[in-house]
Structure formats: C-alpha cells, structure tokens
Amino acid sequence: MPAPDRPVVTRVAPSPTGSMHIGTARVALYNWLYARHTGGTYLLRIEDTDRQRSTEAAVDVILEGLAWLGLEPDAPPVFQFARADRHRAAVAELLAADSAYPCWMTVEELAAERDIARAEGRAIRSPWRDRAPPEGVNLPHVIRFKGPLEGETIVDDLVKGTVRFRNRDLDDLVLLRSDGAPTYNLAVVVDDHDMGITHVIRGDDHLNNTARQSLIYQALGWELPTFAHLPMIHGPDGAKLSKRHGAQAVGEFAEMGYLPEAMRNYLARLGWGHGDDELFTDAQAIAWFDVKDVVKAPARLDWNKLAHVNNHYLRQADDNRLADLVTASLKKAGTSLAENGRARLLAVIPHVKEGAKTIVELGELCRFALAERPVTLDAKSAALLTEETRARLSRLAEHLAMEPDWSPPALTASLRSFAAADGVGLGKFGAPLRAVLSGGLPAPDLAGALTTLGRDESLGRIKDALSPAE
RNA sequence: GCGCCCUUCGUCUAUCGGUUAGGACACCAGAUUUUCAAUCUGGGAAGACGGGUUCGACUCCCGUAGGGCGUACCA
C-alpha cells in the first residue's frame, strides 16, 4: 500500500491493436475521474511490446480516441517498448537475488509438461528451477521468475476486496523471452513502479495476473500500488462485447454520432452509481467518483440508455457545434451542403434536435430543410394533392402571405384562423401542407417547419406544388 | 481439469441486518396531436437456488447452479 499522503498517480495502459475497445475507454475514464477526484495525476502508457501489432497508426487510434473522449493524459505517453533495457536491468536484479532463473525447456518439453500439469490439476513447473545450467552454454533459453512454492499471496483490491491465491497455483512466469524481449507481466511491474503509479485501475481480466505481479514487486523490494479491478463491459446478450453487438471501438461510437460528453456520462454510470443520479456533469462525476464504489459485476451495454443520454446532451449542445457535426456526418454519407446549407442547418437544428438520438439521426431530421426547390414529393405525399387540397393550399398561401409575424406562435395562430375561415379542421390541410413543405421527409410541427424554411422558401414550396410540372 | 471473480425488475443501478425493495432506460396504457418524435399522466416488472447465523436477511457464512476471466516465449 502506498503511503496515504502520497499524491495519487493513475494510468491507463492500452496496447495498440488497431482499435480502441470501449472497455478501454471506460478504464481510462475511471482512472481520469479518480485522479481528478483526488487531485492526482493521470498518465498514459502504450504497451507496445508486441512488435507485430504495434504500428504508429495503431498508436494514433488510441491517442485520437482519448482526445475525442476528452481524456488526454497529464503528461506525454510512455512507450513500453522503449524501456526494454530498463526491464532487462530489473531482471538482472532478480537473477542476482535468486528470484529468477534461466530455463532451457524446449517448446516440446513445455507442451508435454503443460499436458501433465493440467491432468494433475497443478501449475507447470520447470526442471531448471533448481538445476545447474546445461553443458552447451549458448542454447536459447528464457528467464523465469522464481516464485515461492508455499504460502499465499493476498491481493487487497479496492473493488473485489481481499483475494487470496495459493502460491503453489502460481507458475513461474517468463520474464524474458528467448530473444531477450521482456514480457508483459514484467514490464507492467517495472513501468508502474518507475512511473510512480499509486493506483492500478484496470480491467478485471488482469486480476489473476495481480498475484504474480505482486510477487515480483516483493522480490524487487518495491512498494505495491493499490489495485482496483473493474468488471468488463459485455454486449446486450451478456457475452463479451464484440463487433456483432453493433460497435466495440471508440471510433465507431463517434462515427455513429454519439457525443463524447454523453459517452463519459453513460460509461461512468455503467458500473458505478451515485444514488439516483443519472445525468451529471464532469464536475459532479469528479466530485462523486470513488473507485471503491465501483460495482463488482460485469455490465451490459444498453443502446437504449446510451441513446437517451446522448439525446440529453444533444439538446444541450451548442447549435454551431451541432451544425459542424451534422455537416461532417452528411458529408460522410455522401451529401455535401449547398451554399446556403450552413444557414439552413442553423435554422432547422433548434426545431429538430429534441427528437434526435444521434448526430446521424439529427442529420436525417435536417434533410427536409436542405432540399432544393422544387422539392420532389414522395408517392404518399403526392397522393395527398387532390383538386380540393390544391385549392385549399392556394387559399392558405394567400392567407400566410399576409402574416406579418413569421414566428412559431404567430404561425400557429395563423393556421388556426385559416382553418376557421375555411370552415375546416387543421387535419384537412395539415397533412398536405406538411407534404409540400417536406416532400415526405421527416419534419417538425407545421409552425416549426414554416419558421425553419422562412417565408419565401415556404411560400415557394407551396407554389411549386400548386403548378405541377407537366 | 485447476485457480480466481461475479449473481437485485428485460437493462443500468440504490439499499451498506429492520424499506410497501427506490430511481433511470426500455416496455404497456391513456392524454396531447398537423406525420414521426418530443412532452405529460398512469401501469406492470427484481433479490438465481438450497442450507445456515440472527428476534429479524437482498444485505453475513456455507453449498449448488449459471456466467466471466486466467491457466502463453499475447497484452
């Protein structure tokens, strides 16, 4: 346990695989929240010891993902691979202290031992643990950790509580591969120590590793950090979250039109709670968050709730920002804006954003306003234009043209007064009016649609529909 | 096989031995109505199972079942 007066240092340590799992995003968020809550520091380490998969592009995906989420680290990232010499030096220390040993087992021998060990229900053991080196000196070998065979290792986890492991169930893990490359379990310990990490907050898929890592800390004579293992995020069906559940990577959520602040709120609430609070600001989350309140059980991703949270933030978002996002989203879908597109977007967004769950959906709701005259009507809309409704729309156009105040309340009143004057209910001309204004695309209420389009465009669209193209 | 973790409404959660087990999303019904949505009102919905401990258990202990993770010269 770190000294209580030492300032908190947390870290998120993803491996660059080409995408950033949403679970990683939540781990980052919790580390960030805890660091902010305690006035500590939040760091990033790229675990790039797997040279095959670790590309610059894969690293960028992580950096961009964190930036998008607003969870950038407080210092430049540490690259694990670059610290390989330091890791090897730590192994030299372990070797000198008789806490590690070279192992010359061949892959075949290892496979055979694995089979026997499994059959006997025990951990694998290397014969080289207590044996002198072989004759031929330069044979390839790995360096293994020499852990205790008796007693138990206790992990005091902030989330899971006290977890006990019998040391005899723990095998002597490989520290250095036969090519001299450090392994993950060694590297994390050395890096977390060197980076001064006080709280290791990570996915609970690492809980089993923790016992063996604790042993390494002890062998090196280092103070243990506090551990907190977070449950994983599953798909709606309870299985491990994967592509087939709709999305898995942070970038996919961004592309689908979720707002980063919505993701933060949703992810924070998934596996952690503060009474009945559902929607909260970053400041509130920081004030309330504590790792010890994290739930123990894995949580399932719920698209409905995410949509609800996203809608909440969409309503609050600045319209200019939304216009930017919608523009980008439409562009991705192959629609580029006309010259007055920006102005039209800004006019329509306030009227439709309450009904949108995502940016993509918001874009769909904006489409009717972006259409160029003459607006093409879909079949259903065209069918509404009978002789009778045309005549009524014509009278309505005259009526609206005289309306001095082109605002929602005035237009609502105007539509009512027209209905009265024409001796019909709103239902008689509401649908056709909507049809000629929107062409059949989704649109807000009539007054909202008229306001969005403006006087000229609205009257123009009505007029277009009255003189059908021959 | 062995080891470790987990288990409250469909989902996310509250409860920290004594509650009519609360909230949110979703769902259902109704209201509103110019489409869809939004909005408003109301409703149904839970402690996996079996043993203990206790005056009292969702809460503590044990077992069972189910799920997850690990068991790599991946991370």
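Here is the naming used below: chain letters follow the sequence lines, and residue numbers restart at 1 for every chain. Just so it is clear, the model here is predicted, and its values are computed rather than measured.
- A salt bridge (Lys or Arg N to Asp or Glu O under 4.0 Å) with A:E152 is found for exactly one of A:R168, A:R164, A:R166, namely A:R164.
- Considering only side-chain N and O atoms, A:K353 lies nowhere under 4.0 angstrom from the phosphate OP1 or OP2 of B:A38.
- Between B:G44 and B:G22, the distance separating the two P atoms is 11 Å to the nearest Å.
- Taking the six-membered ring where the residue is Trp, A:W288 and A:H274 present parallel rings, their angle staying beneath 30° rather than reaching 60°.
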CA sep, side-chain torsions, deciding dist, call: A:D156, A:L224, side-chain contact (heavy atoms from CB on, under 4.5 Å): CA-CA 10 Å; A:D156 229 328; A:L224 260 79; over 6 Å; no
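- Between the CG atom of A:D302 and the P atom of B:C9 there is a distance of 14 Å, given to the nearest Å.
- A:V309 comes within contact range of no nucleotide atom at all, as no heavy-atom separation falls under 4.0 Å.
- Nucleotide B:A75 holds its P atom 9 Å from the OH atom of A:Y184, rounded to whole Å.
- The separation of B:A26 from B:C12, taken at their P atoms, amounts to 15 Å, rounded to a whole angstrom.
- Between the NZ atom of A:K296 and the P atom of B:C58 there is a distance of 19 Å, rounded to whole Å.
- In this model, no side-chain donor or acceptor of A:R300 finds a partner on the base of B:U11 within 3.5 Å.
- Taking atom P on both nucleotides, B:C58 is separated from B:G47 by 10 Å, rounded to a whole Å.
- Nucleotides B:G68 and B:C73 have their C1' atoms positioned 27 Å apart, rounded to a whole Å.
- Enclosure of atom CZ in A:R131 by more than 12 non-hydrogen atoms of other residues, nucleotides or ligands within 6.0 angstrom is indicated.
- If you check B:C55 for Watson-Crick or wobble pairing at under 3.5 angstrom, you find it paired to B:G18.
- Rounded to whole Å, the separation between the C1' atoms of B:U13 and B:C55 comes to 31 Å.
- Take the nearest nucleotide of RNA chain B for A:A443 and for A:P182: the residue whose nucleotide is more 5' is A:A443.
- For A:H274 and B:C12, the NE2 to C1' distance is 17 Å, given to the nearest whole Å.
- Both distances falling under 3.5 Å, in either a Watson-Crick or a G-U wobble arrangement, place B:G3 opposite B:C69.
- The main-chain N or O of A:V190 is never found under 3.5 Å from a side-chain atom of A:R86 such that the two would form a donor-acceptor pair.
- Nucleotide B:A45 is matched to nothing when pairs are restricted to Watson-Crick or G-U wobble geometry with both distances under 3.5 angstrom.
- Base pairing of B:A37: no nucleotide in any strand meets the Watson-Crick or G-U wobble criterion (both distances under 3.5 Å).
- Distance check on atom P: B:C6 versus B:G23 gives 28 Å, rounded to whole Å.
- Nucleotide B:A24: paired with B:U11 (Watson-Crick or G-U wobble, both distances less than 3.5 Å).
- Atom-to-atom, CG of A:D115 to P of B:C2 comes out at 16 Å; the value is rounded to the nearest Å.
- Contact between the side-chain N/O atoms of A:R26 and the OP1/OP2 oxygens of B:C12 is not found at any separation under 4.0 Å.
- Between the CG atom of A:N304 and the C1' atom of B:U13 there is a distance of 16 Å, rounded to whole Å.
- Going from the P atom of B:U7 to that of B:C62 covers 14 Å, rounded to whole Å.
- Taking the ring axis of A:F79 as reference, the NZ or CZ atom of A:R83 does not stay both within 45° of it and closer than 6.0 Å to the ring centre.
- B:C28 and B:C9: their C1' atoms are spaced 15 Å apart (whole Å).
- Ring pair A:Y34/A:H199: centre-to-centre distance below 6.0 Å.
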Measure all distances between protein nitrogen or oxygen atoms and nitrogen or oxygen atoms of nucleotides 68-73 of chain B, and list the pairs falling under 3.5 Å.
| residue | atom | partner | partner atom | Å |
| --- | --- | --- | --- | --- |
| B:C69 | O2' | A:D205 | O | 3.4 |
| B:C69 | O2 | A:N208 | ND2 | 3.3 |
| B:G70 | O4' | A:N208 | ND2 | 3.4 |
| B:A72 | OP2 | A:R114 | NH1 | 3.0 |
| B:C73 | O2 | A:S178 | N | 2.9 |
| B:C73 | O2 | A:S178 | OG | 3.0 |
| B:C73 | N3 | A:S178 | OG | 2.9 |

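- Rounded to whole Å, atom C1' of B:A24 lies 13 Å from atom OH of A:Y313.
- Scanning all heavy atoms of the two residues, the minimum distance from A:Y313 to A:A262 falls at CD1-CA, 3.7 Å.
- Nearest-nucleotide positions on RNA chain B for A:V159 and A:E120 put A:E120 closer to the 5' end.
- Here B:U34 is the nucleotide among B:A26, B:A75, B:U34 with the atom lying nearest to any side-chain atom of A:R434.
- The partner of B:G50, taking Watson-Crick or G-U wobble pairs whose two distances both stay under 3.5 Å, is B:C62.
- Contact check on A:D290 versus A:K292 returns a salt bridge, with a Lys/Arg side-chain nitrogen under 4.0 Å from an Asp/Glu carboxylate oxygen.
- Pair assignment for B:U32: none, as no Watson-Crick or G-U wobble contacts are both less than 3.5 Å.
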